[in-house]
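What follows is a single structure, written as C-alpha cells, with notes after it.
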Amino acid sequence: MFVGMGIVFLFLTMLVIVINMMSSLVQRFFPEVQANTVNVPAAAIGTDKQTIAAITAAVHQYRSKHK
Amino acid sequence: MFVGMGIVFLFLTMLVIVINMMSSLVQRFFPEVQANTVNVPAAAIGTDKQTIAAITAAVHQYRSKHK
Amino acid sequence: MFVGMGIVFLFLTMLVIVINMMSSLVQRFFPEVQANTVNVPAAAIGTDKQTIAAITAAVHQYRSKHK
Amino acid sequence: MENLISLWQSTGIYNFTAGQAFMMLVGFLLLFLAIKKGFEPLLLLPIGFGAILSNIPVAGIAEEGGLLYYLYFGIKAGIFPLLIFMGVGAMTDFGPMLANPKTLLLGAAAQFGIFASLIGALALNVVPGLEFTLKDAAAIGIIGGADGPTAIYVASKLSPDLLGAIAVAAYSYMALVPLIQPPIMRALTTEDERKIEMQQLRVVGKTEKIVFPLMLLFLSILLLPSATPLIGMFALGNLMNACGVVERLSQTAQNELINIVTIFLGLSVGSKLSAHAFLQMETLGILALGAIAFAIGTAAGVIMAKIMNKFSDTPINPLIGAAGVSAVPMAARVANKLGLESNPHNFLLMHAMGPNVAGVIGSAVAAGVLLSLVK
Amino acid sequence: MENLISLWQSTGIYNFTAGQAFMMLVGFLLLFLAIKKGFEPLLLLPIGFGAILSNIPVAGIAEEGGLLYYLYFGIKAGIFPLLIFMGVGAMTDFGPMLANPKTLLLGAAAQFGIFASLIGALALNVVPGLEFTLKDAAAIGIIGGADGPTAIYVASKLSPDLLGAIAVAAYSYMALVPLIQPPIMRALTTEDERKIEMQQLRVVGKTEKIVFPLMLLFLSILLLPSATPLIGMFALGNLMNACGVVERLSQTAQNELINIVTIFLGLSVGSKLSAHAFLQMETLGILALGAIAFAIGTAAGVIMAKIMNKFSDTPINPLIGAAGVSAVPMAARVANKLGLESNPHNFLLMHAMGPNVAGVIGSAVAAGVLLSLVK
Amino acid sequence: MENLISLWQSTGIYNFTAGQAFMMLVGFLLLFLAIKKGFEPLLLLPIGFGAILSNIPVAGIAEEGGLLYYLYFGIKAGIFPLLIFMGVGAMTDFGPMLANPKTLLLGAAAQFGIFASLIGALALNVVPGLEFTLKDAAAIGIIGGADGPTAIYVASKLSPDLLGAIAVAAYSYMALVPLIQPPIMRALTTEDERKIEMQQLRVVGKTEKIVFPLMLLFLSILLLPSATPLIGMFALGNLMNACGVVERLSQTAQNELINIVTIFLGLSVGSKLSAHAFLQMETLGILALGAIAFAIGTAAGVIMAKIMNKFSDTPINPLIGAAGVSAVPMAARVANKLGLESNPHNFLLMHAMGPNVAGVIGSAVAAGVLLSLVK
Ligand code: NA
Ligand code: NA
Ligand code: NA
C-alpha cells in the first residue's frame, strides 16, 4: 500500500510545481496593486472614518431590518 | 402561434383594467396616510437620531452575538 | 381515556420531583456566580463602553461584508 | 377555432368546481385573518396560500408531480413538524419553569382539554353524518394542546385526511386565545384571587438549564418512548441553545431553518385543504370540538391553580393556570394583562411563562400517550 | 506492475473523451465570463462549475449515485425554479408598475420575441441536421422571456435535453443586455423621443401592494391555470414581502433560501451540459435563436412604447419599452442610461421598472401559454 | 387492567436492552465531552444526541419511517459531507500555502498515518475476534486524515457499518490534537529547532487565489478522478469565496447551509451508533488505530519538516510539520504554541496554516486513492 502514499506525494509534489509556475506567471502578467489597501485601513485610517463606516453599516442594517 | 401572443396581450390588458379598478377602489375606500413617513426619515431627521438608531442596532446585534 | 390524563399528570409530577432534586443537587455541587454579570451591563455600564461596543460590532460587520 | 375551444376548455373558469371555489374562499379568509387580523400570520399565511394553490383546477399543484405534492412528503414523514419543534426548543427559555417547578402541574392540568374533546369527538358519532374513528378523535383532541407542530405531527400520523382542518383549527384558536380565555378566567376567579402577587422568581443557573432538557428526554425515554421524537427534537434545540457551545447551530435552528421549514410546512398543510376532505360535516365538528378543547383546557388550568394556591405555602395567582394550555407566549400575556387589570402592580408575565412552556411539554406528552394507545 | 497499469487506467487522462474535454472548456468559459466579465455570476459560476464536475471521466458525479444526480431532482420536479421565483417575488417591488399600470402592455409586447423565436426554431428544421420538435421550439422560445427561472422551469417540463443550452443562453443574453439592447433602441427611436421626460410617479400605498399579487394570481387562475405554479409562487413571495406581517419568512425567502437553491440549481443545470446533449448543431441554433429573441423582444417593446406614446395623454419615453423584456434590473438600467445620454435631467429608472417587472409577469404568462398549448 | 399492562409494555423501561442502555451512555459521554470539555462541539453534540435518539426502544427514530432514517439518506448519498466540504472550502484561505507552496509536502507527509493505520487494521486481523476487510481497513485509515467530512464520506462509501465509530474517532482525536501532538513534537525536535524563526510570508494576490482552486481541481481531474467529488466541492466553495462576485452564495455556504447540514449530518452519524454495530471488538480496534494514525501522521509531518529544513535555503521550523495532519485550525495553533514556548518572538501561526490547509487537500487526495484502489 506504499503505492497509495506514493500517489499522495506525487500529487502534492506536482501541485507544488504547478503552483510555483502559476504564481510566477500571475505575478508577471497580472501584477496586482496589492491587498495592502484592503487590510491596512483598519489600523491606519483615523477613527473618524471608522466611526462613519460603523454608523453607515449600522444605519443600513437597522433600516433593512425595520423597514 | 399568434394565438399565444394574443393570450399574453389579453391577459396583461385585463390586468391593466383590474389594476385600475383596484387602485381606484383602494384609494377611495382605504386611503392611506402615505409611505412618506416611511421613506423620508433617512434624509430628513437629524444625525442625532440616526446615530442613536445605529448604536441601538449595533449594540443589539453585538449582544445577540456575544451573549 | 382518563388513563391518558393520568399518565400526563404522572409524567409531569415525576418531572417536578426530578427537577427539584436536580436543582438542589446542582445548586449544592455546581453553584454559579450568577447570570447577573451577563444581564446587568446593558443598564449599568456607561454610554462610552456601549458606544465602543457598538462601533466595534459595526466596524467588524462592515468589514466582514465588504472585504 | 378548435384551437380556441381547446384553449377555453383549459381555462380555470371552465374547469372550476363549486368545492374548489369554496376552498379558495377559505384560503382567502385565512390570508385575511393572517394579514389584517394578525392571526398567527407566520403559519396561516402559507396555509391559506397553500389552500388556494392546491385548489386551482387543471394546474395540479398538489397532485403527483406538483410542488405541493413533493413538499407534503416532509409532513408525511414527520420531518417538518419535528424540525420546527427543534427550533421552538431553541427559542424556549425554561428558566421561569425551573425556578418554580410546580407550575408544571398547571401545564398538565390544561391538557385536560385534549382528552375531553377526544371523548367529545367519539360522542359526536351519535350525530347522523358524523363518523369519527378513534384515530380521528385522538387527532382532533390534540387541538386542545394549543401547539401547532404537535397537532400537525399527531394528525399526520393518525388521521392525515383531517390534517388540514385540524391544523387550521389549532392555529386559529391559538390566535384567538386573547378572546377565548379572558371570560373563562374571569368567571372562575374572584377579584381577590386575580390580585394575588407572586414572589419573585430566583435566577436559574446555566447548569440547570443544560441538565433539564436531558432529564426531560431521559424521563420520556423511560416512561413514554412514543413521545420521544417530539420531546427529543425539542430537547435537542433547547440543549443547543442552553449549552452555549454551538451558538451558530442554535441560531440557524431558530432562524433560517425554522423559517424555511415554516414556509414549506404551511404550504403543505394548505394542500390538505381540499374540498373533498374539508367540506364535510366532520369539519364543523372539528371546529366546535377545538373551541371546546381550548375552553376546557383553560378552565382546568385555572381550577388546578386555585387548588394549588390552597395548598401551597407561597401564593399562586390562579390566572397563570390558563397559560398552561401553551400557545406560547400569547397565553402568558393574557394572564399578565388580566392580572394588571385587577392590580396595576401585579406583573405575572414571568410567572405565567412557567406553566406556558410546561404546556408545551404537557401536550407533547399527551401526544405520546395518544400515539401509543391509539393505533 | 499490474497495479500501476490499473492505476493508470483509472486516471482522468486515460479516460478523457474529446467531448468531455470540450465541455470542460465550455465550463471554464462560463466561469471566466462570470468572474472576469461579471456575467450573471450568481448563476453562471455554479452552472460552469457544474459543467466541469459533470464531465469528469470515471467520477460519475452526474450519474446515478453522484451528487449532481440527486440535486437534479430539484429541477426535474420543478422545485428549484419555483422556490427561486418565490424569492424573486419577495424582492420585487410592484410600486412603479402599479403607479402606471399601462406599462404592463410594454411587458406584454416584449414577449413577442418568445413566439417569434418559437416559429424561428420550427423554421430552422429546414436546415439539414437540425430537428426541433414543437416542444423543443417552445422551450427555446422562452429564452426570449429573459427570465432565468421561467426558462429553466419550462425547459425542464418540455425539453429536458436542451435544458443546459437553454439556461446558458438565457443567462448569457441577460448578462449581455447592455450590449444587445442599445443599438436596437437607438435605431428605433429619434433623439427627440429619447429626450422625453415622464411625469413623476405617484406613491403606491401598502394596501394596493398587498392586493395586487392576489389579484394577479386570481386572474391567472381564471384564465391560465397552467401558469399558476410560476405566478403562484411569485405572488406568494411578493405577498410575504408586501404584507409586512411575515417579515422573517420574507427575509429568508429572499436571502438564505434563494441562495441555497441558487447553488443547487446552478450545479444541476450545469450537469445537463454534457457533450452528448450540448455538442449538437441544435445548440448553435439555440444560441442564434436566443439572440434573435432578445432583439425582437427589445424591438417590440420599443415599438409598442412609441405607439402608446402617440395615444397616451401623458408622455411615454419609448426607451422604457425595451425594459419590458424583463432581465430585472439590468434592462431598466439600460433604458435609464440611454435616457441620460440624450437628456442629462431625464431619470427613467423608476419609469422603466414598471415594464421591467411587467416583463417578468409577461414571460410567466407566456410560459403558461406554452405549457398549456404544447404537450 | 389489561390496558395498564399494555401501557407498561410500551414503556422504555420494559423494552430496554443492555446494548441500547450502553449506547445511550456513549451518547451522553459525547454530549459531556462536547459541552463540558469543548471537544468539537459542533459535531459531537449532534452526534451524541443522535446516538441517544436512535437507541430509544420502541420509538424507532432511526428505523424506516423515523426522522433519522430519512436524514441518513443525506449521508448514504454523500450529499451532506460534500456540502460541508463546500462550506469548509469557502472558509479556507489558501494565502499562506500559496505564499510557501513547499509546505504542501508537509501536508502530504502527514497522510502517512492513513496508510500506516490501514496496514495496521489489516494486521489486526491476526487478533481473534477482529475481522477487518480491506474496505474496513481503508475506512479506518482515513481517520488519520484528521478531517471529519472526508472520513464520513469515505466510510459511507466503503464501510457504512463502521461509520459511527469512525466519525466519533475522527472528531474525538481532532479535539484531542492539543493533547496528542505536543509530546510527539517535543520528542522529535531539539530546542534549537523549535526556536527557528521563519521568514515573513509574501502577500498573495487575488488572482492567484482564484486560479488555485481551479488548478487543484484540474490536476485532480487528470490524475485522480475518484477524488473529484471531494476536491471539486471544496474547490467550488473556495472559488466562490475567492472570486468575490458571488459573495451572497459564499456567505450562505459557510454559514446557514453548513449549519443546517451539520445538524443533519451529526444526527445521522449518531444514528449509526447502534449497539449492534458499535459494541464490537472492532470498535476498540478502530479507536486504537485512530490514535496511532494521528500519532504517526504527526511524526511523519515533523520528520518531513526536519528533512526539508536541511535542504531548504530558507529556514523551516519542524513544528509546523505537525500541522500537516489538517485538523484546521487546531493543529496550526498547537504548532504556534510550542513555538512560542521555546522562543517568545516566534509566531508560527501563519506558517503552520500552510501545511494545515495542505493537509485537507492531502487527505482528500488520499481518500481518492483509497476509493479508487479499494473497491
Ligand atoms: Na399544550
Ligand atoms: Na420577460
Ligand atoms: Na489531513
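These numbers come from a predicted model, not from an experiment. Every heavy atom of this structure was used, including side-chain atoms; hydrogens, water molecules and symmetry mates were not. Each chain gets a letter, A, B and so on, in the order its sequence line appears, and its residues count up from 1.
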Is there a side-chain contact between [X] and [Y] in this structure, where contact means two heavy atoms from C-beta onward sitting under 4.5 Å apart?
{"X": "Ile258(D)", "Y": "Arg248(E)", "answer": "yes"}
{"X": "Leu67(D)", "Y": "Ile79(E)", "answer": "yes"}
{"X": "Glu256(E)", "Y": "Thr252(D)", "answer": "no"}
{"X": "Thr262(D)", "Y": "Val246(E)", "answer": "no"}
{"X": "Leu239(E)", "Y": "Leu31(D)", "answer": "yes"}
{"X": "Met233(E)", "Y": "Ile61(D)", "answer": "no"}
{"X": "Phe49(D)", "Y": "Leu214(E)", "answer": "yes"}

Using heavy-atom distances under 4.5 Å, tell me whether [X] contacts chain D through its side chain, its backbone, both, or neither.
{"X": "Thr228(E)", "answer": "both"}
{"X": "Ala235(E)", "answer": "both"}
{"X": "Leu249(E)", "answer": "both"}
{"X": "Phe80(E)", "answer": "neither"}

Quick check on the interface: out of [options], who has the most heavy-atom pairs with chain E under 4.5 Å?
{"options": "Ile52(D), Ile260(D), Leu68(D)", "value": "Ile260(D)"}
{"options": "Ile35(D), Val58(D), Asn15(D)", "value": "Ile35(D)"}
{"options": "Ser10(D), Gly38(D), Gly12(D)", "value": "Gly12(D)"}

Non-hydrogen atoms of Gly232(E) and Leu53(D) that approach each other most closely: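 That would be CA-CD2, 3.9 Å.
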Closest non-hydrogen atom pair between Pro57(D) and Pro225(E), with its separation: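 Pro57(D) and Pro225(E) have their closest heavy atoms at O-CB, 3.3 Å.
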Nearest 0.5 Å, what's the [atom1]-[atom2] distance between [X] and [Y]?
{"X": "Ile221(E)", "Y": "Ile56(D)", "atom1": "CD1", "atom2": "CD1", "value": "4.0 Å"}
{"X": "Tyr14(D)", "Y": "Leu223(E)", "atom1": "OH", "atom2": "CG", "value": "16.0 Å"}
{"X": "Phe218(E)", "Y": "Phe28(D)", "atom1": "CZ", "atom2": "CZ", "value": "6.0 Å"}

Given the options [options], which has more heavy-atom pairs under 4.5 Å with chain D than any of the others?
{"options": "Leu257(E), Leu236(E), Leu371(E)", "answer": "Leu236(E)"}
{"options": "Asn255(E), Leu82(E), Leu222(E)", "answer": "Leu222(E)"}
{"options": "Leu224(E), Leu217(E), Val369(E)", "answer": "Leu217(E)"}

Contacting region of Phe16(D) [heavy-atom separation from chain E under 4.5 Å]: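 The side chain, not the backbone.
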Toward chain E, the part of Phe264(D) with a non-hydrogen atom under 4.5 Å: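 Just its side chain gets close to chain E.
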CD (Glu64(D)) with more than 12 external heavy atoms under 6.0 Å: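 Not buried by this count: 12 neighbours or fewer within 6.0 Å.
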